[in-house]
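As C-alpha cells, the structure follows; a few thoughts come after it.
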Amino acid sequence: MAIKLQTDSYNLIGQSNGILQVFDLVERAADSDSTVILTGESGTGKELIARALHHNSRRDSKSFVPVNCGAIPNELLESELFGHEKGAFTGAMQTRIGRMELADNGTIFLDEIGDMPMTLQVKLLRVLAEGEIDRVGGSKPIRINVRVIAATHTNLEEAIQSGKFREDLFYRLNVIPIAIPPLRERKSDIPLLVQHYLKHFNTQKGKSITGISDAAMEILCSYPWPGNIRELANFMERMVVLSTDKMLTPRDLPDKVLGDVPKETWEPLIQAETDQTPAEFLRKSRNHAHYIGMPEEGVNLKQMVEEFEKELIIEALEKTNGVKNQAATLLGLNRTTLVEKLKKMKINR
Ligand SMILES: Nc1ncnc2c1ncn2[C@@H]1O[C@H](COP(=O)(O)OP(=O)(O)OP(=O)(O)O)[C@@H](O)[C@H]1O
Ligand SMILES: [Mg+2]
C-alpha cells in the first residue's frame, strides 16, 4: 500500500506492519500542528516522512524549510535559523531573514537536532514555548507561527544524560515521536522497493530490464541493509546501469551483498537457479571489477572493459559519498574527465 501525498508525485512505499504503523501515525498527526520527532537510522526515510507530514497538513501551501543542524557550522547556525540585522557582526552587510521566518505559517524541519549547540537549544525552546524569535543583533522579538518537525539518528535520551541536550527541550519536542524501523526489520518492504526502483531506474536510464530473478530477490531480502532505503536505491541504480541482460540475476548483485549475506543462504539459491556450483558461479558469471582470467568461450573485450570502467567509477562514487573531486582522485582522473564519463554512462549521483 502507498500513501499518496497530496501535492507531490512521490509515494511512500511499504506494506510491513512496522511501516504501516508509521503511515498511520503520519496520517493522524499530519494536520495537528503538534511537534513531531522522527527517529531512525540513516536512510530510513526521516526526511521523506517529514515532507509527507507537511504536505498532508493545512500548511501545505506554505513552505517546508529543511535545516540540517549537523551540517552548518555552529557559529553560523544561529543566523541561519533566526536571521540577523545589518551590522549585527562583521560581515553582516545586510539584514537577512532566517529559515525560521521563511517557514512562517509552514513547517521547519530540524534535521540532526542532536547536533544543535546548547545555546541555540534555549532559543528553540523559546520558539516552541512563545512563538517568538530574535534576529541576531535585533532589538525586538518577531512573532512567528511554525510547525516544528525534528529528526535525529542519535539517541537524545543518552545526549541528555551526557549533558549535550536539554531535557526541557526534549520534552517540548517529543510530543509525537515517530520511530522509523530499519529496513532489516521490515523485510516484506524489500520486494516492493526493489520493484519500485527497478522501474524508476529503467525509465531514468533508458533501459528495459523486465524483472529480477527469485534467487537475486531472496538474497537482497537477506541482506542487512545498513544504509537502509538509500543504500537499496543506490544498489538498484548500479545494477540497472551495469546489467546487460533482460533480467537481474545474482550475477548482477554488488559484491557487498554477497559478502554480507551468509554463504549458507546464497549458495543453495544460486545453485538451484543457475545450475552452477558456487565456485563456478563466482569464477564465470560474476559481472564484477575484480574479474581476472579468460573464460573458455572468450570475452567481448570492449564490453567487458566498459563494464569494468563503469563498476570502478560507481565504486569510487560510493566510497566518497558522491563527492566527485574525491572520486576523481581515487580514479586518477581529472574531475572534468570523470564528469564527462558520468554523462556518457548516464550515471547521476
Ligand atoms: N517508504 C519509502 N518509500 C519510498 N522511498 C523511500 C521511503 N523511505 C525513504 N525512501 C527514499 O530513501 C531515500 C532516503 O530517505 P531520507 O533522505 O528521507 O532518509 P533519512 O532518514 O533522512 O536519511 P539520513 O539520516 O541519511 O538523512 C530517499 O531517496 C527517499 O526518497
Ligand atoms: Mg535525512
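Counting starts at 1 for both ligands and their atoms, following the listed order. Since the structure is predicted, the reported quantities are computational estimates derived from the model, not experimental observations.
Sorted by chain and number, the residues within 4.0 Å of ligand 1 by heavy atom are Asn11, Leu12, Ile13, Glu41, Ser42, Gly43, Thr44, Gly45, Lys46, Glu47, Leu48, Leu193, Tyr197, Ile229, Arg230.
From Asp104, atom CG reaches atom CD1 of Ile97 across 10.0 Å, with rounding to the nearest 0.5 Å. With rounding to the nearest 0.5 Å, the separation of CG in Asp189 from OG in Ser16 is 3.5 Å.
Considering Glu85, Glu78, Glu80 as possible partners of Arg135, the one that fulfils the salt bridge (Lys or Arg N to Asp or Glu O under 4.0 Å) test is Glu85.
Formation of a donor-acceptor pair under 3.5 Å by the Asp252 side chain with backbone atoms of Thr249 is found in this model.
Hydrophobic cluster membership of Met118, counting Ile, Leu, Val, Met, Phe, Trp and Tyr whose side-chain heavy atoms lie under 4.5 Å apart directly or via other members: none, as it forms a cluster of its own.
Counted by atom type alone, Ser208 and Lys246 present one or more donor-acceptor pairs between their side chains at under 3.5 Å.
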